[in-house]
Amino acid sequence: MHFARSEARQAAFDYIQALLSPVERKNGWQMAEQVGYTNPYRLQHLLGRAQWDADAVCAFVKQYAGEHLKSETDILAIDETGFLKQGEQSVGVQVQY
């Protein structure tokens, strides 16, 4: 549909599952392990080299959310994935995304 290969579609599903998971640090290795991969290469391929139509995926998600959030009491909550680095003397001690 929006992905050139089924492997990329599965990796995208797994990536979203990892983002929504309770894993505290959302880096490539920990997200890969969360979804059962032995290394982050599949997720890195998805984000850097796989062929997929990001605009079409965004439009699909927007349409899907619009269809399923019909009531005035329905909400969509989005939480950032940033975290504060520990320490005060390291380079770049600030919120990391």
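This chain uses plain numbering: 1 for the first residue, then up along the sequence. Bear in mind that the values here come from a model prediction, so they are computed numbers and not experimental data.
Counting non-hydrogen atoms of other residues, nucleotides and ligands closer than 6.0 Å to CD of Glu67 gives a total above 12.
For the residue pair Gln34 and Gln30, no side-chain donor N or O sits within less than 3.5 Å of a side-chain acceptor on the partner.
Counting all heavy atoms, side chain and backbone alike, Asn39 lies closest to Ala32 at O-CB, 3.4 Å. Of all heavy-atom pairs spanning Tyr37 and Gln10, the tightest one is OH-O, 4.3 Å. The nearest pair of heavy atoms linking Ala8 to Ala50 is CB-CB, 4.1 Å. Closest heavy-atom contact between Val23 and Lys26: O-NZ, 2.6 Å. A pairwise comparison of heavy atoms in Ile75 and Leu69 identifies O-CD2, 3.6 Å as the closest pair.
Grouping the Ile, Leu, Val, Met, Phe, Trp and Tyr side chains by contacts below 4.5 angstrom, directly or via other members, places Val57 with Leu47. In the hydrophobic clustering of this structure, Val61 groups with Tyr15; members are Ile, Leu, Val, Met, Phe, Trp, Tyr whose side-chain heavy atoms approach within less than 4.5 Å, directly or through other members. Residue Leu20 is not grouped with residue Trp29 when hydrophobic side chains (ILVMFWY) are merged at heavy-atom distances under 4.5 angstrom, including chains of intermediate members.
Interatomic distance, CD of Gln63 versus NE2 of His68, reported as 10.0 Å (0.5 Å rounding). Of the inter-residue distances, the one linking Gln44 atom CD with Met31 atom CE reads 11.0 Å to the nearest 0.5 angstrom.
Under the 30°/60° scheme for interplanar angles, the aromatic rings of Phe3 and Trp52 are found to lie parallel.
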